[in-house]
Amino acid sequence: MIKVFIDGQAGTTGLQLEQRLLARNDIALLRIDPALRKDAEAKRALMAQADVIFLCLPDEEARASAAMAPENALVIDASTAHRTTPGWVYGLPELSAEHRIAITKAKRIANPGCHATGFIALVYPLIAAGLLSPETQLSCTSLTGYSGGGRGLIETYETNRSAGDPLHAPRPYALGLRHKHLPEMQAITGLCAPPVFMPVLGDMAQGMLVSVPLWADRQQVWETLAAHYANSRFIKVMPLGANEGEPLDPEACNGTNRMELFVFGHDKQTLLVARLDNLGKGASGAAIQCMNIACGLDEGKGLNVYAE
C-alpha cells in the first residue's frame, strides 16, 4: 500500500485527489484532524509516515509544508510555489522523454497550472521543432470553469445561481497581465517573453479551452503536433480542421485526464486550441499521473481517458 497524505484536503484539488484515490485498492490515505490542519507538528507526524505527499495549499503555506517534508518522501505540489524552482521537476511528462525520465527519478514535482498545461502543450513542441522561434511574441486566451478559482469563487457562482441570478459568461479576469501561470508558461516553453494572456471565466463548473493564434501554415503546425504526441496516452491531436464548422464544447473532456489539441485556420493563419478538464489534466488528474510514474506504476492507474 502506498501511504498518501493530502495537505489541504478540504480544497477543490484536495477533494478531487481524495475522490480519485479512494477508488483505488493500492492507496492508504492518511488524514489529519480538521482541527489540527494548521498544526505544524501534527502535519510533520503524518508526513513522516507518508510515501507520497500532495500539497493543495496557497503558495506560502505550500513552501512551508514542502520545507518540513522528509527528503525521501515524494512531494507533489499543486500550488504555483515551485513550478519554476530549481530542484523541482515540472509534471508534464508528455513534453519529452527527458521530462518523463525526470519524473521517474523525482522526489519533488511541481504540478502544472491548468491554463499553463494547455498553452505549454500547444507551444512547446513547435519551439522544440524549430517551427516557432523563442523570440516569437504570442498571445493566449483561455476560457475556464469557475472551479479553478477555488472555494470562494465557487461559492460566489453557486450562491448566485441558487438565488436565481447566475453570473453568466464571459468574465475576463487578471487584466493587469500578471497572472500567476505566466512564469511557467514562459520558462517551460523557452519563450523570451511571456504571452499576452487573458483568462476568461465561463458559466460552468469545470472544463476549459486554451487558444493560441499564430501566423503560420496550419498543415506544418498540425504535422508537428501530431508527430510529437503520436504515442501519448492522454494527449490527442485531433484531425486537422476537426469541429471547424461547429462551436467547441469546453466541457467535452470533463471527468477525464484527457487533453485534445485542435488546429484550425488556413495557409497563413492558424488557431491552436487545447481542450481539457481544469480539474483533471489541469489539476488532480495530472498530479495522480505524475505520482503513478514516479512510483513505477501504470501512468493511467485510477484515471479516466473517457468520461464515464
Side-chain angles (χ1 to χ4, degrees), residues 4-8 13-14 17 40 43-44 47-48 50-129 132-136 138 140 174 177-195 197 228 235 281-296 299:
V4 174
F5 173 54
I6 302 172
D7 193 1
T13 301
L17 279 169
K43 289 205 294 187
R44 199 186 307 272
M47 288 181 177
D51 303 303
V52 180
I53 300 166
F54 290 102
L55 305 181
C56 304
L57 301 163
D59 287 4
E60 288 306 313
E61 292 180 37
R63 292 187 184 97
S65 285
M68 71 173 67
E71 289 186 9
N72 63 340
L74 171 62
V75 180
I76 301 177
D77 183 9
S79 81
T80 316
H82 298 102
R83 290 175 186 164
T84 58
T85 300
W88 286 73
V89 172
Y90 196 71
L92 195 48
E94 292 89 354
L95 291 185
S96 70
E98 290 75 20
H99 283 84
R100 182 174 292 274
I101 290 169
I103 291 170
T104 67
K105 299 177 179 179
K107 286 298 183 182
R108 298 291 184 270
I109 298 173
N111 208 48
C114 55
H115 300 290
T117 295
F119 178 81
I120 293 167
L122 293 167
V123 173
Y124 179 95
L126 306 182
I127 292 178
L132 273 186
S133 166
E135 296 181 355
T136 307
L138 296 176
C140 175
L177 303 183
R178 291 184 176 87
H179 192 277
K180 63 181 182 177
H181 291 184
L182 285 169
E184 64 188 287
M185 292 163 82
Q186 179 181 354
I188 304 303
T189 57
L191 285 168
C192 296
F197 175 49
H228 189 91
I235 300 181
K281 185 62 171 164
S284 58
I288 290 173
Q289 183 183 356
C290 284
M291 179 195 76
N292 289 339
I293 293 171
C295 292
E299 72 174 300

Exercise for the section: Spell out, as yes or no, whether a donor-acceptor pair under 3.5 Å connects the side chain of Thr189 to the backbone of Met185. Expected result: yes
Problem - Smallest separation among heavy atoms of Ile103 and Gly91, with atom names - result: CD1-CA, 3.9 Å
Handout entry: Minimum side-chain heavy-atom gap Asp7-Cys56 below 4.5 Å
Key = no
Practice task
State the NE2-SG distance between His115 and Cys140, to the nearest 0.5 angstrom.
Solution key: 8.5 Å
Practice task
Answer yes or no: is there a side-chain heavy-atom contact under 4.5 Å between Ile109 and Val75?
Solution key: no
Practice task
Find out whether Tyr90 and Ile120 are in side-chain contact, i.e. whether some heavy atom of one side chain is under 4.5 Å from a heavy atom of the other.
Solution key: yes
Problem - Criterion side chain to side chain contact (heavy atoms under 4.5 Å, CB included) on Asp51 and Leu74, from CA distance to verdict - result: CA-CA 6 Å; Asp51 303 303; Leu74 171 62; over 6 Å; no
Problem - Donor-acceptor contact below 3.5 Å, side chain Arg83 vs main chain Ala78 - result: yes
Exercise for the section: Please report the C-alpha distance between His82 and Arg108 in whole Å, then the side-chain angles of each, then the deciding distance to 0.1 Å, and finally whether the side chain to side chain contact (heavy atoms under 4.5 Å, CB included) criterion is met. Expected result: CA-CA 9 Å; His82 298 102; Arg108 298 291 184 270; over 6 Å; no
Problem - Interatomic distance, Ile53 atom CD1 to Phe5 atom CZ [nearest 0.5 angstrom] - result: 7.5 Å
Handout entry: Side-chain touch Ile188/Leu92, heavy atoms, less than 4.5 angstrom
Key = no
Handout entry: From Glu60 atom CD to Arg63 atom CZ, the distance as rounded to the nearest 0.5 Å
Key = 4.5 Å
Problem - Carboxylate-amine/guanidinium contact Glu61 Lys43, below 4.0 Å - result: no
Completion exercise
Those residues at least two apart in sequence (or on a different chain) that pass side-chain hydrogen bond (donor to acceptor under 3.5 Å, both in side chains) with Ser96 are Glu98, His99
Problem - Any Leu138 side-chain heavy atom under 4.5 Å of Leu191 side chain - result: yes
Problem - Expected output: side-chain Glu299 to main-chain Cys290 donor-acceptor under 3.5 Å - result: no
Problem - Close side-chain approach of Leu182 and Pro195, heavy atoms under 4.5 Å - result: yes
Handout entry: Met291 vs Phe54 side-chain heavy atoms within contact, under 4.5 Å
Key = yes
Exercise for the section: Check whether any side-chain N or O of Lys107 sits under 3.5 Å from a backbone N or O of Asn72 as a donor-acceptor pair, and report yes or no. Expected result: yes
Practice task
Would you check if Thr13 and Ser284 make a side-chain contact, meaning some heavy-atom pair closer than 4.5 Å?
Solution key: yes
Practice task
Please confirm whether the backbone N or O of Cys192 pairs with a side-chain atom of Gln186, one donor and one acceptor, at under 3.5 Å?
Solution key: yes
Exercise for the section: Check for a donor-acceptor pair, side chain of Asn111 on one end and backbone N or O of Asp77 on the other, with a separation under 3.5 Å. Expected result: no
Fill in the blank from the handout: Which of Arg100, Lys281, His228 passes side chain to side chain donor-acceptor pair (under 3.5 Å) with Glu94? It is Lys281
Problem - CG-OG1 distance between Asn292 and Thr104, expressed to the nearest 0.5 angstrom - result: 13.5 Å
Practice task
For the pair Phe197 and His179, name the ring-plane relationship: parallel under 30°, tilted 30 to 60°, perpendicular over 60°.
Solution key: perpendicular
Practice task
Identify the two heavy atoms, one from Gly8 and one from Leu57, that lie closest to each other, and give their separation to 0.1 Å.
Solution key: CA-CD2, 3.8 Å
Exercise for the section: Could you pull out the closest heavy-atom pair between Ala62 and Leu55, with the gap in Å? Expected result: O-CD1, 3.6 Å
Practice task
Find the distance between CD1 (Ile76) and CH2 (Trp88) and round it off to the nearest 0.5 Å.
Solution key: 9.5 Å
